[in-house]
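Quick caveat, the model's predicted, so the values are computed rather than measured.
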Amino acid sequence: MPHIEPEAKIFACSQSVYLAEKIAESYGIPLGKVTFSKYSDGEFQPSYEESLRGSRVFIICSTFPSADNLMELLLMIDAAKRASARHVTAVIPYFGWARQDRKDKPRVPIGAKLVANLLDAAGATRIMTMDLHADQIQGFFEKPVDHLFASTVFLPYVRSLNLDNLTIASPDMGGSKRAYAYSKFLESDVVICYKQRKIANKVDSMELIGEVAGRNVILVDDMIDTGGTLAKAADLMIEKGALSVRAICTHAILSGDAYEKIENSQLSELIVTDSIPLKKQTSKIRVVSCAPLFAEVMQMVHYNNSISGKFLT
């Protein structure tokens, strides 16, 4: 019998429909139908409203809080597996719990590894994500992981700014590899911020390694949560003589008073992807969609084509 390619179907968890619709449109197929039944106590149950037998199913879900997003994804993977889908790919633009990638003090969990185990137990046959907080999280999975880089959508925008005297900056020592990768493609200098924290989400002190006087600086990071680090870094760089400071952050968590911090900071612009929906619009935040990138890679995966050309950094 001739080999028949399994049909591709795209579905979304309820909080990621906004992104899944754009991905499905870029892919060229309609978003699949799924309904959620809710019990009075808050328990919910997803139900696919079309056959999945023999299909390659892509389930799009960023696992930002609340934990219902992760639970929805796990239930949808389990339902797809039990409906005889041939392949079940969990497309997780923002992989939540990734900051818990190691034991940084006694008696704490490794949350990222636990989530990887849960996805495996639910029945995911492949994981697709973008800009993990720590690259080594890929090793937590026993299934193939497609780790995409948002640089493929950010770099064209940065080049379109036509900034002279460009310098790429990392807001901390851990992000230096990412900063050097951007600088390689943009042929720019690199500076690094050295920060110290006494408690989570609060920067105690910050120093700058490198010169920014007379430079247009772009800070690069995988996520922005409270906005404190980037606001402090931007203020420090303007104080040191930078002409302008922008920030590129893949995942716009933006919790607490982050929007106000960004608006009141020395940042000229904050550029983010739509991996997490913005809670509100502000004049300083620009969104660059990652939907075309995911749609293209999903097509490559579906037709078993190499995706190595998408790994710019």
- [ ] List the atom of Ser170, the atom of Gly175, and the distance in Å for their closest heavy-atom pair.
- [x] OG-C, 3.1 Å
TODO: Look at the side chain of Gln138 and the backbone N and O of Asp135, then say whether any donor-acceptor pair between them is shorter than 3.5 Å.
DONE: yes
TODO: Mark yes when over 12 heavy atoms from residues, nucleotides or ligands other than Arg286 sit less than 6.0 Å from its CZ; otherwise mark no.
DONE: no
Open item on the list: Working to the nearest 0.5 angstrom, can you tell me the gap between Leu119 CG and Leu114 CG?
Closed with: 9.5 Å
- [ ] Kindly check if the number of other-residue, nucleotide or ligand heavy atoms within 6.0 Å of CE (Met300) is above 12?
- [x] yes
Task: Atom of Leu208, atom of Met237 and distance for their closest heavy-atom approach - done: CD1-CE, 3.7 Å
- [ ] Mind listing the closest non-hydrogen atom pair of Ile238 and Ala242 along with its distance?
- [x] CD1-O, 3.6 Å
Open item on the list: Looking at Leu166, is its backbone amide N or carbonyl O close enough to the side chain of Arg215 to form a donor-acceptor pair, meaning the two atoms are under 3.5 Å apart?
Closed with: yes
Open item on the list: Rounded to the nearest 0.5 Å, what separates atom NE2 in His251 from atom CG in Asp221?
Closed with: 10.0 Å
TODO: Provide the closest heavy-atom pair for Glu72 versus Cys13 in the form atom of the first, atom of the second, distance.
DONE: OE1-CB, 3.2 Å
Open item on the list: Taking the side chain as everything from C-beta on, heavy atoms only, tell me whether Phe294 gets closer than 4.5 Å to Ile60.
Closed with: no
Task: Under 3.5 Å donor-acceptor, Lys279 side chain and Ile253 backbone - done: yes
TODO: Would you list the pairs meeting side chain to side chain donor-acceptor pair (under 3.5 Å) in which at least one residue belongs to residues 236-246, sequence neighbours left out?
DONE: Asn216-Ser244, Ser244-Arg246, Arg246-Glu269
- [ ] Decide if atom CD of Gln136 counts as having more than 12 heavy atoms of other residues, nucleotides or ligands within a radius under 6.0 Å.
- [x] yes
Open item on the list: Could you check whether any side-chain N or O of Lys113 sits under 3.5 Å from a backbone N or O of Phe140, counting only pairs where one atom can act as donor and the other as acceptor?
Closed with: yes
Task: Reference residue Lys143; test side-chain hydrogen bond (donor to acceptor under 3.5 Å, both in side chains); the match among Asp120, Thr125, Thr89 - done: Asp120
Task: Same apolar cluster (I L V M F W Y, side chains within < 4.5 Å links), Met223/Leu278 - done: no
Open item on the list: For Glu211, is the CD atom crowded, meaning more than 12 foreign heavy atoms sit under 6.0 Å from it?
Closed with: no
Task: Hydrophobic cluster membership, Val220 vs Tyr94, 4.5 Å side-chain cutoff - done: no
Task: Phe64 side chain reached by Pro277 side chain, heavy atoms, under 4.5 Å - done: yes
- [ ] Compare all side-chain heavy atoms of Ser255 with those of Thr226 and state whether any distance is below 4.5 angstrom.
- [x] yes
Open item on the list: If you define the side chain from C-beta out and look only at heavy atoms, does anything of Leu148 sit under 4.5 Å from Thr152?
Closed with: no
Task: Single-linkage hydrophobic cluster, 4.5 Å side-chain cutoff, Leu243 and Val191 together - done: no
Task: Given Ile285, Thr273, Leu230, the one that forms side-chain contact (heavy atoms from CB on, under 4.5 Å) with Cys249 - done: Leu230
Open item on the list: Tell me whether Met130 shares a hydrophobic cluster with Ile10, the cluster being built from Ile, Leu, Val, Met, Phe, Trp, Tyr side chains joined at under 4.5 Å.
Closed with: yes
Show me the donor-acceptor pairs, under 3.5 Å and distance only, between side chains in residues 23-38 and residues at least two apart or in other chains.
| from | atom 1 | to | atom 2 | distance (Å) |
| --- | --- | --- | --- | --- |
| Ser26 | OG | Lys22 | O | 3.2 |
| Thr35 | OG1 | Glu49 | OE2 | 3.1 |

- [ ] Would you name the heavy atoms of Ser283 and Glu263 that are closest together and state the gap between them?
- [x] OG-OE2, 2.7 Å
Open item on the list: When you measure from the side chain of Thr63 to the backbone of Gly96, do you find a donor-acceptor pair of N or O atoms at a distance under 3.5 Å?
Closed with: yes
Task: Gap between atom OH of Tyr157 and atom CD1 of Ile271 - 0.5 Å precision - done: 5.0 Å
- [ ] Say whether, by atom type as modelled, one donor and one acceptor occur between the side chain of Ser265 and the main chain of Ala231 under 3.5 angstrom.
- [x] no
Task: Inter-residue atom distance Leu219.CG - Thr229.OG1, 0.5 Å rounding - done: 10.0 Å
Open item on the list: Ignoring hydrogens, what is the shortest heavy-atom contact between Ala90 and Ile77? Give both atom names and the distance.
Closed with: CB-CD1, 4.1 Å
Task: Under 3.5 Å donor-acceptor, Lys284 side chain and Leu267 backbone - done: yes
Task: Same apolar cluster (I L V M F W Y, side chains within < 4.5 Å links), Ile276/Val91 - done: no
Open item on the list: So, using ring pair (Phe, Tyr, Trp, His ring centres under 6.0 Å) as the criterion, who are the partners of Phe154 when residues are at least two apart?
Closed with: none
Open item on the list: Distance check, rounded to the nearest 0.5 Å: Met298 atom CE versus Met128 atom CE?
Closed with: 6.5 Å
- [ ] Report yes or no: does Tyr48 contribute a side-chain atom to a donor-acceptor pair with the main-chain N or O of Met76 at less than 3.5 Å?
- [x] yes
Open item on the list: The test is side-chain contact (heavy atoms from CB on, under 4.5 Å); show your working for Leu52 and Phe11 and say whether it passes.
Closed with: CA-CA 11 Å; Leu52 306 185; Phe11 297 91; 3.5 Å; yes
- [ ] Please name all residues satisfying side chain to side chain contact (heavy atoms under 4.5 Å, CB included) with Glu43, sequence neighbours left out, ordered by chain then number.
- [x] Tyr39, Asp41
Open item on the list: Using a 3.5 Å distance criterion without hydrogens, assess whether the side chain of Asp274 forms a donor-acceptor pair with backbone atoms of Cys290.
Closed with: yes
Task: Backbone N/O of Ala150 and side chain of Asp131: donor-acceptor pair under 3.5 Å - done: yes
Task: Asp222 CG to Arg178 CZ distance, which is reported to the nearest 0.5 Å - done: 4.5 Å
Task: Pair Phe185-Arg159, side-chain contact (heavy atoms from CB on, under 4.5 Å): steps then yes or no - done: CA-CA 10 Å; Phe185 285 94; Arg159 289 191 176 111; 4.0 Å; yes
Open item on the list: side-chain contact (heavy atoms from CB on, under 4.5 Å), that's the test. Do His87 and Arg126 meet it? Break it down for me.
Closed with: CA-CA 8 Å; His87 304 283; Arg126 192 179 198 95; over 6 Å; no
Open item on the list: Other members of the hydrophobic cluster containing Val190, with the 4.5 Å side-chain heavy-atom rule, please.
Closed with: Met173, Tyr180, Ile192, Tyr194, Ile209
Task: Criterion side-chain contact (heavy atoms from CB on, under 4.5 Å) on Val108 and Gln100, from CA distance to verdict - done: CA-CA 9 Å; Val108 296; Gln100 299 181 45; over 6 Å; no
Open item on the list: Could you check whether any side-chain heavy atom of Val245 comes within less than 4.5 Å of a side-chain heavy atom of Val212, counting everything from C-beta outward?
Closed with: no
Task: Partners meeting salt bridge (charged side-chain N to carboxylate O under 4.0 Å, His left out) with Asp101 (sequence neighbours left out) - done: none
